[in-house]
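In what follows, a structure is listed as structure tokens, so that the remarks can point back to it.
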Amino acid sequence: MKITFKHFWLTTLAICSCGAHADSIHTWGNVSNVTSMAVPLLAGVATLANNDLQGSKELLLSTGSAVLAAELLKLGIHSNRPDGSDKKSFPSAHTTLAFSAAAFLDRRYGEQYTATWTPALYGLAVLTGVARVEAKKHHWVDVVAGGGLGYASASYWTEPVHGGRMSLVPLQGGLMLRWARAL
């Protein structure tokens, strides 16, 4: 089974359009719910398409340990959500899950799915974080921490099949996110 970039975008657009009818905060909440599940779903489909049992195990370890760590941190930190609904704001588990799956795909199949896939997957993970902030469920620090936690978990548990690397590059006055295919 060959998954093309066209299939990826059509599936993603169909999934993301599901929440477009509600008011702004609810729409952002729906987007974050969908994207946080869409990226791991795509990762699971990729492992099945590649008949990659080891990859399936690594995906479960990456996402499972990342979300478990996020939930344990929530229990210990007790940070108020921007909407005041509870004290489980830090870190964002939605963003943790999305970044863990995106980083898994990047690390495991980086070259196989070409350079076009990787920025799109990280874009969905970033959209998850932005949507959590816009839905008033998280502060920016929550989603940045969740993204870092997810990325670190996938980096730890996932062995590359083909190379590709995401990195932060320091610049004067900030940071740049960079992705490069391994040679």
Side-chain angles (χ1 to χ4, degrees), residues 1 3 5 7-9 11-12 15-16 31-77 88-132 137-138 141-169 175 177-182:
M1 176 179 176
I3 300 171
F5 188 68
H7 290 118
F8 165 78
W9 276 115
T11 302
T12 303
I15 290 170
C16 289
V31 167
S32 67
N33 289 336
V34 170
T35 56
S36 70
M37 296 307 294
V39 181
L41 180 63
L42 289 167
V45 168
T47 62
L48 291 173
N50 286 289
N51 198 23
D52 185 4
L53 181 60
Q54 182 60 34
S56 297
K57 291 176 188 176
E58 291 174 5
L59 175 62
L60 287 172
L61 285 168
S62 297
T63 56
S65 64
V67 171
L68 177 63
E71 292 301 326
L72 290 173
L73 284 167
K74 286 176 181 287
L75 289 174
I77 294 176
K88 295 181 179 179
S89 187
F90 184 88
S92 168
H94 283 74
T95 310
T96 299
L97 180 60
F99 266 93
S100 179
F104 164 81
L105 281 165
D106 177 23
R107 188 158 166 82
R108 184 83 180 156
Y109 306 115
E111 190 169 308
Q112 181 178 345
Y113 288 126
T114 73
T116 311
W117 275 80
T118 300
L121 291 166
Y122 282 112
L124 282 175
V126 168
L127 177 60
T128 301
V130 169
R132 296 306 285 167
K137 290 297 184 182
H138 289 287
V141 68
D142 305 336
V143 298
V144 169
L149 184 58
Y151 184 84
S153 178
S155 295
Y156 180 78
W157 291 109
T158 308
E159 291 296 322
V161 172
H162 298 288
R165 288 278 185 223
M166 177 88 138
S167 59
L168 284 175
V169 179
L175 294 171
L177 197 57
R178 178 177 174 266
W179 186 84
R181 188 182 315 194

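Computed from a predicted model, the values in this text were never measured in an experiment.
Across all non-hydrogen atoms, the minimal contact from Ala103 to Tyr122 is CA-OH, 3.3 Å. Considering all non-hydrogen atoms of both residues, Ala102 and Val39 come closest at N-CG1, 3.5 Å. Nearest approach of Phe90 to Val141, heavy atoms of both residues: CE1-O, 3.8 Å. The heavy-atom pair separating Pro40 from Leu97 by the smallest distance is CG-CG, 3.6 Å. The two residues Ser65 and Trp157 have their closest heavy-atom pair at OG-NE1, 3.0 Å. The minimum heavy-atom distance between Val67 and Thr96, with the atom names listed, is N-CG2, 4.1 Å.
Under a 3.5 Å cut-off, the side chain of Ser153 and the backbone N or O of Gly150 do not form any donor-acceptor pair. Put simply, the side chain of Lys74 gets close to the backbone of Pro91: a donor and an acceptor are under 3.5 Å apart. The main-chain N or O of Glu159 is never found under 3.5 Å from a side-chain atom of Arg107 such that the two would form a donor-acceptor pair. A side-chain donor-acceptor contact under 3.5 Å links Ser100 to the backbone of Ser62.
If you take CG on Leu42 and CZ on Phe104, they are separated by 12.0 Å, rounding to the nearest 0.5 Å. To the nearest 0.5 angstrom, Lys57 atom NZ is 13.0 Å from Leu59 atom CG. Going from atom CG of Asn51 over to atom OG of Ser56 covers 8.5 Å, rounded to the nearest 0.5 Å. Summarising the geometry, atom CG belonging to Leu53 is positioned 10.0 Å from atom CG belonging to Leu48; distances are rounded to the nearest 0.5 Å.
No more than 12 heavy atoms of other residues, nucleotides or ligands sit less than 6.0 Å from atom NZ of Lys88.
At least one side-chain heavy atom of Thr95 sits under 4.5 Å from a side-chain heavy atom of Arg132. Side chains of Leu121 and Asp106 form no contact here, defined as non-hydrogen atoms less than 4.5 Å apart. At least one side-chain heavy atom of Thr47 sits less than 4.5 Å from a side-chain heavy atom of Tyr109.
Every residue meeting the side-chain hydrogen bond (donor to acceptor under 3.5 Å, both in side chains) condition with Gln54, not counting sequence neighbours, appears here in chain and number order: Glu58. Remark: Thr63 pairs with no residue by the side-chain hydrogen bond (donor to acceptor under 3.5 Å, both in side chains) rule, at least two apart or across chains.
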- Message: Would Arg108 and Thr158 count as a side-chain hydrogen bond (donor to acceptor under 3.5 Å, both in side chains) here? Give the steps.
- Response: CA-CA 6 Å; Arg108 184 83 180 156; Thr158 308; over 6 Å; no
